[in-house]
Protein chains: 2
Amino acid sequence: MTDQSNGASRAPTIYDVARVAGVAASTVSRTFSRPGRVRAETAERIRRVAVELGYHANPIGWAVPAGRTSMMALVISDITNPFSNQIIHGAHAAAAEAGYSLLLADAQESVLREREVLERSISTVDGVVLATSRMPDAAIRTMAKQRPLIALNRAIADVPCIVTDNPRGMRRAVEHLAALGHQRIAYAAGPEASWADGVRWRSLRTAATEMGLQARRIGPLEPTIGGGAAAAAELSRHPSTAVIAYNDLVAIGLIQALAARGVAVPRDVSVVGFDNVYAGELVTPALTTVAAPLHAMGLTAVRNLLAVIRGARPHAREPVMLPSRLVVRASTAHRRRNRTSPAWGTTSVSGSVAKSSRLTVSGSR
Amino acid sequence: MTDQSNGASRAPTIYDVARVAGVAASTVSRTFSRPGRVRAETAERIRRVAVELGYHANPIGWAVPAGRTSMMALVISDITNPFSNQIIHGAHAAAAEAGYSLLLADAQESVLREREVLERSISTVDGVVLATSRMPDAAIRTMAKQRPLIALNRAIADVPCIVTDNPRGMRRAVEHLAALGHQRIAYAAGPEASWADGVRWRSLRTAATEMGLQARRIGPLEPTIGGGAAAAAELSRHPSTAVIAYNDLVAIGLIQALAARGVAVPRDVSVVGFDNVYAGELVTPALTTVAAPLHAMGLTAVRNLLAVIRGARPHAREPVMLPSRLVVRASTAHRRRNRTSPAWGTTSVSGSVAKSSRLTVSGSR
DNA sequence: TTGAAAGCGCTAACAA
DNA sequence: TTGTTAGCGCTTTCAA
């Protein structure tokens with residue numbers, strides 16, 4: 001009554017093929033790994049038997065003697081974030097191109113889980129890309145000792161890193177807002193454990209100071225739509241005419257929540273995001289944002305990791321910095337000069353700029 | 001001058017620990033795999049040595065005798081599609097919860113690449129979730145013989161499948177449009193290799209016929225924003241007052257392209273999408289869509305796969321069907337009765353419904 | 001409670 | 001060109 005129909009019967013091994021074909025196991029191995037070193041007829045016979053038996057080389061048997069698995073791990077702080085999508089895509093492309101498989105691990109914005117998934121996967125893979133890590137520097141350094149590791153979107157001494165030029169991007173954003181006449185800029189901050197958040201806030205303060213503007217900080221916030229909504233509440237209490245958000249999601253959430261309160265973007269407030277997430281083009285008003293080359297970052301991280309795996313010495317001294325640029329769309333506009341503070345709480349619609357946010361306001365009342 | 005600072009020195013093995021601790025390798029193994037079968041003192045000593053040496057069990061050594069790797073592959077037709085995001089998320093959650101790692105493979109909408117990545121990973125993993133596959137049924141069945149496999153979003157005889165209730169979802173959409181007074185519905189079709197596309201189109205035709213409506217098909221289209229734009233061109237030539245799109249991306253692209261031509265949604269045309277992608281809530285007008293429980297699908301697929309891996313007999317007879325529901329938002333509205341065909345090409349704005357799409361129109365002229 | 005030995009699927013080194 | 005042997009890191013008998 002025993003029923004093995006489940007495919008539970010062991011897959012055929014190299015020995016099965018060898019036996020049926022009447023050759024030594026090593027010959028079978030050679031047939032697949034170095035063809036040419038096997039007589040054509042023999043190879044042919046072996047190949048036929050292999051197909052017949054449904055033999056497929058088992059890479060894990062191969063990985064033991066080789067000491068490497070041709071897999072790399074991509075540990076990412078939050079898969080849900082649209083931010084992740086393009087990074088994953090770029091990383092996967094570079095990995096596949098090199099014959100590597102990608103082990104994906106989601107940390108769900110939790111340091112604990114990040115460490116868990118990292119520890120589980122690190123010994124299986126030849127290397128690790130750690131994207132937007134929330135772990136402390138020391139923990140990351142420890143991991144980096146075990147396996148080749150590259151940190152993405154984070155700078156850590158003695159660990160090869162890839163970051164975007166946040167300071168320059170932030171400066172561009174501030175210059176843009178200054179040119180539009182804004183004098184006080186609020187920063188809707190991200191998670192405290194975020195390295196990028198720290199850099200962005202410091203860069204904003206520096207740039208603002210140099211240009212004679214005022215900067216203040218709201219948060220920390222969840223790096224999500226919900227976080228943006230929370231920022232709106234805070235912003236209502238202490239208005240600003242311009243806000244730079246930790247990321248696009250926060251910016252979008254902020255715009256929506258502001259709209260629900262009758263505050264229109266960009267009429268009353270200008271909003272700038274970070275990351276240039278796909279949805280940012282789609283929303284109304286389209287989001288002005290500091291674009292990070294997400295796809296390129298994933299790509300570069302994996303390529304550099306491969307180089308390290310193959311024995312290159314990472315120049316851990318200073319992080320590889322990828323350029324970022326300001327994408328100006330519709331969520332920023334001239335500060336209105338007819339009032340000193342924006343029309344918080346009023347619902348009057350007038351002026352030409354106002355038209356372009358009319359919908360959002362009327363739609364949510 | 002040889003410099004091994006690269007961490008290239010082999011990681012410590014169970015034998016290293018055994019030697020230093022002065023015990024047999026099997027004792028070290030036991031210490032970690034079945035504590036309790038080792039004397040407390042000995043175990044303690046071994047553990048201390050392990051930490052000291054920085055020993056970490058190598059799962060690939062473990063996988064050889066065990067014959068399983070505690071990894072599963074998720075092969076997905078297109079990572080770029082926001083659709084994928086939530087599926088991946090659900091799948092990862094279920095896998096992690098069971099102590100499994102997830103090997104992610106992107107097919108980039110190419111049958112060829114799909115087969116490649118699948119073949120590369122299939123023998124490494126204990127099972128495969130094949131999401132939105134574009135491969136022919138026969139090829140999938142062949143793969144399913146090699147390893148436990150579950151198809152997501154696709155029904156294949158003799159292969160365990162998980163699908164959403166497309167017919168019911170489509171019927172809801174049609175009923176909704178009929179109730180709004182629409183009599184001709186255009187379907188903006190997806191890729192020809194897409195199983196879901198076939199089901200959706202057939203369901204639309206059936207539902208339309210039963211309700212005495214007319215249905216026609218535009219496409220095939222790329223399942224992207226660009227595909228939606230292409231549909232807009234076609235739609236201009238043969239107007240309809242209502243369109244159901246293969247997915248949300250097509251719907252969004254269509255709405256945008258229509259707006260660029262001065263056709264407003266939902267004033268002139270009502271548009272319904274499929275999938276309930278995140279961005280659908282964010283766009284203007286917010287998208288009416290047939291929601292698939294994407295996260296639940298990823299979750300269910302992995303859980304069922306785990307069951308099969310553990311020896312359960314999959315009930316391959318009929319696919320597991322997850323419910324879908326219609327999410328009504330702002331991209332659908334009553335058909336305007338003051339004209340027989342919509343105001344294609346005109347730019348007049350009037351009526352209360354019109355207001356809610358004013359922006360899109362004015363913004364893009 | 002511990003040790004010795006064999007074996008998982010594969011490759012590499014050496015012999016024939 | 002092919003076969004034999006040893007070994008990758010680990011677990012699992014079987015003895016002691």
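Values below: all heavy atoms of this structure, side chains included; hydrogens, waters and symmetry mates excluded. So you know, we letter chains A, B, ... as the sequences are listed, proteins then strands, and number each from 1.
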Legend entry - Presence of A:Thr42 side-chain N/O under 4.0 Å of D:dT1 phosphate oxygens OP1/OP2: no
Inset, instruction - Take the protein atom CZ of B:Phe32 and the nucleotide atom P of D:dT12, then report the distance between them rounded to whole Å. - result: 15 Å
Inset, instruction - Using a strict cut-off of less than 4.0 Å between a Lys/Arg side-chain nitrogen and an Asp/Glu carboxylate oxygen, indicate whether B:Arg154 and B:Asp137 qualify as a salt bridge. - result: yes
Legend entry - Nearest-0.5 Å distance, CD1 of residue B:Ile122 to CG of residue A:Asn58: 12.0 Å
Close N/O contacts between protein and nucleotides 8-12 of chain C (under 3.5 Å):
| from | atom 1 | to | atom 2 | distance (Å) |
| --- | --- | --- | --- | --- |
| C:dC8 | O2 | B:Pro65 | N | 3.1 |
| C:dG9 | OP1 | A:Arg10 | NH1 | 3.3 |
| C:dG9 | N2 | A:Gly61 | O | 3.0 |
| C:dC10 | OP1 | A:Tyr55 | OH | 3.0 |
| C:dC10 | OP1 | A:Asn58 | N | 2.8 |
| C:dC10 | OP2 | A:Ile14 | N | 2.6 |
| C:dC10 | N4 | A:Tyr15 | OH | 2.5 |
| C:dT11 | OP2 | A:Ser29 | OG | 2.6 |
| C:dA12 | OP2 | A:Arg34 | NH2 | 2.9 |

Inset, instruction - Without swapping roles, check the side chain of B:Arg141 against the backbone of B:Ala157 for a donor-acceptor pair under 3.5 Å. - result: yes
Legend entry - Under 3.5 Å donor-acceptor, A:Asp126 side chain and A:Met72 backbone: no
Inset, instruction - State whether B:Arg37 places a side-chain N or O below 4.0 Å from either non-bridging phosphate oxygen (OP1 or OP2) of C:dT2. - result: no
Inset, instruction - Verify, without hydrogens or angle tests, whether A:Arg37 (side chain) and A:Arg30 (backbone) share a donor-acceptor contact under 3.5 angstrom. - result: no
